[in-house]
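To start, the structure under review is shown below, and the notes come after it.
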Amino acid sequence: MIIRNGGVAIDISQLRAIKTEFLSQGGNLIFEFNNLVIPIEDPDTGEQRQHSFPNEAVNVYIETSDSLRAYFDEWVDLWKEYKTSKRNI
C-alpha cells in the first residue's frame, strides 16, 4: 500500500522502521524496509528457492529539527493506522 505524505511516497506494507537522524541543521527522516524476497532458480538442481535481498533505507532530508519531529510523528501515526486496519481485515 503506497502512502504519500509531505512529498514522500513509500510502500507502508514493507516498512520495518522509521528513524530520525538529527544534524546540526535539520536532519534525516529514515525509512527502513523489510528485505525483498525473490524466488530464484538453483542452476544445479533447477529448483526454485527463496532468496532474501536487503532493501536500501530511504533518507529524506528535512531542513529544521521541528519539522523533522513533526514529519516523524505523522509517519508513525500513518504506520500505526495501517497496522491497525490490517489487523481488522
Side-chain angles (χ1 to χ4, degrees):
M1 172 178 212
I2 305 294
I3 300 285
R4 184 178 174 154
N5 182 43
V8 177
I10 64 162
D11 185 350
I12 204 159
S13 67
Q14 297 301 311
L15 193 58
R16 182 179 63 192
I18 306 171
K19 299 178 180 180
T20 55
E21 176 185 45
F22 289 94
L23 305 172
S24 58
Q25 179 77 24
N28 291 312
L29 185 59
I30 304 166
F31 298 94
E32 292 182 355
F33 299 94
N34 295 322
N35 287 351
L36 180 63
V37 178
I38 298 175
I40 299 212
E41 185 176 311
D42 184 326
D44 296 329
T45 64
E47 294 179 7
Q48 293 281 331
R49 293 188 319 180
Q50 300 289 344
H51 190 76
S52 179
F53 296 94
N55 276 325
E56 291 291 322
V58 172
N59 296 325
V60 179
Y61 178 73
I62 309 292
E63 292 184 5
T64 68
S65 297
D66 290 339
S67 294
L68 178 57
R69 283 187 189 95
Y71 279 119
F72 175 79
D73 291 342
E74 286 177 15
W75 275 104
V76 168
D77 288 343
L78 289 167
W79 193 22
K80 285 179 184 176
E81 285 177 30
Y82 167 77
K83 292 194 315 189
T84 300
S85 68
K86 187 176 171 188
R87 278 188 234 133
N88 292 332
I89 293 176

Item to complete: Please name the pair of heavy atoms, one in S13 and one in M1, separated by the smallest distance, quoted to 0.1 Å.
Response: OG-N, 3.5 Å
Worksheet item: Run the side-chain contact (heavy atoms from CB on, under 4.5 Å) check on I2 and R4 step by step: do they pass?
Response: CA-CA 7 Å; I2 305 294; R4 184 178 174 154; 5.7 Å; no
Worksheet, complete the sentence: Correct closest heavy-atom pair for V8 and W75 would be O-CZ2, 3.6 Å
Worksheet item: Rounded to the nearest 0.5 Å, what separation is found between the OG atom of S52 and the CG atom of N34?
Response: 9.5 Å
Worksheet item: Out of curiosity, D11 CG to F33 CZ, how far, rounded to the nearest 0.5 Å?
Response: 7.5 Å
Item to complete: Take atom CD of E63 as the centre, draw a 6.0 Å sphere, and report whether it contains more than 12 heavy atoms from other residues, nucleotides or ligands.
Response: no
Item to complete: Output the distance between atom CD1 (I12) and atom CD (E81), rounded to the nearest 0.5 Å.
Response: 8.5 Å
Item to complete: Can you measure from CG (N35) to CD (Q14) and round to the nearest 0.5 angstrom?
Response: 10.0 Å
Practice prompt. Decide if atom CD of Q25 counts as having more than 12 heavy atoms of other residues, nucleotides or ligands within a radius under 6.0 Å.
Written response: no
Practice prompt. Treat each ILVMFWY residue as a node, draw an edge where side-chain heavy atoms are under 4.5 Å apart, and state whether V76 and V60 are in one component.
Written response: yes
Practice prompt. May I ask you to decide if D44's main-chain N or O and D42's side chain share a donor-acceptor pair within less than 3.5 Å?
Written response: yes
Worksheet item: Quick one: CG on L15 to CZ on F31, what's the gap to the nearest 0.5 Å?
Response: 7.0 Å
Worksheet item: Out of curiosity, L29 CG to L68 CG, how far, rounded to the nearest 0.5 Å?
Response: 6.0 Å
Worksheet item: Same cluster for Y82 and V58 if Ile/Leu/Val/Met/Phe/Trp/Tyr side chains link at under 4.5 Å?
Response: yes
Discussion item. Looking at every non-hydrogen atom in both residues, tell me the closest pair between S65 and F22 and how far apart they are.
Written reply: OG-CD2, 3.8 Å
Worksheet item: Does atom OH of Y71 have more than 12 heavy-atom neighbours, drawn from other residues, nucleotides or ligands, at distances under 6.0 Å?
Response: no
Worksheet item: Considering residues, nucleotides and ligands other than Q50, do more than 12 of their heavy atoms fall under 6.0 Å from its CD?
Response: yes
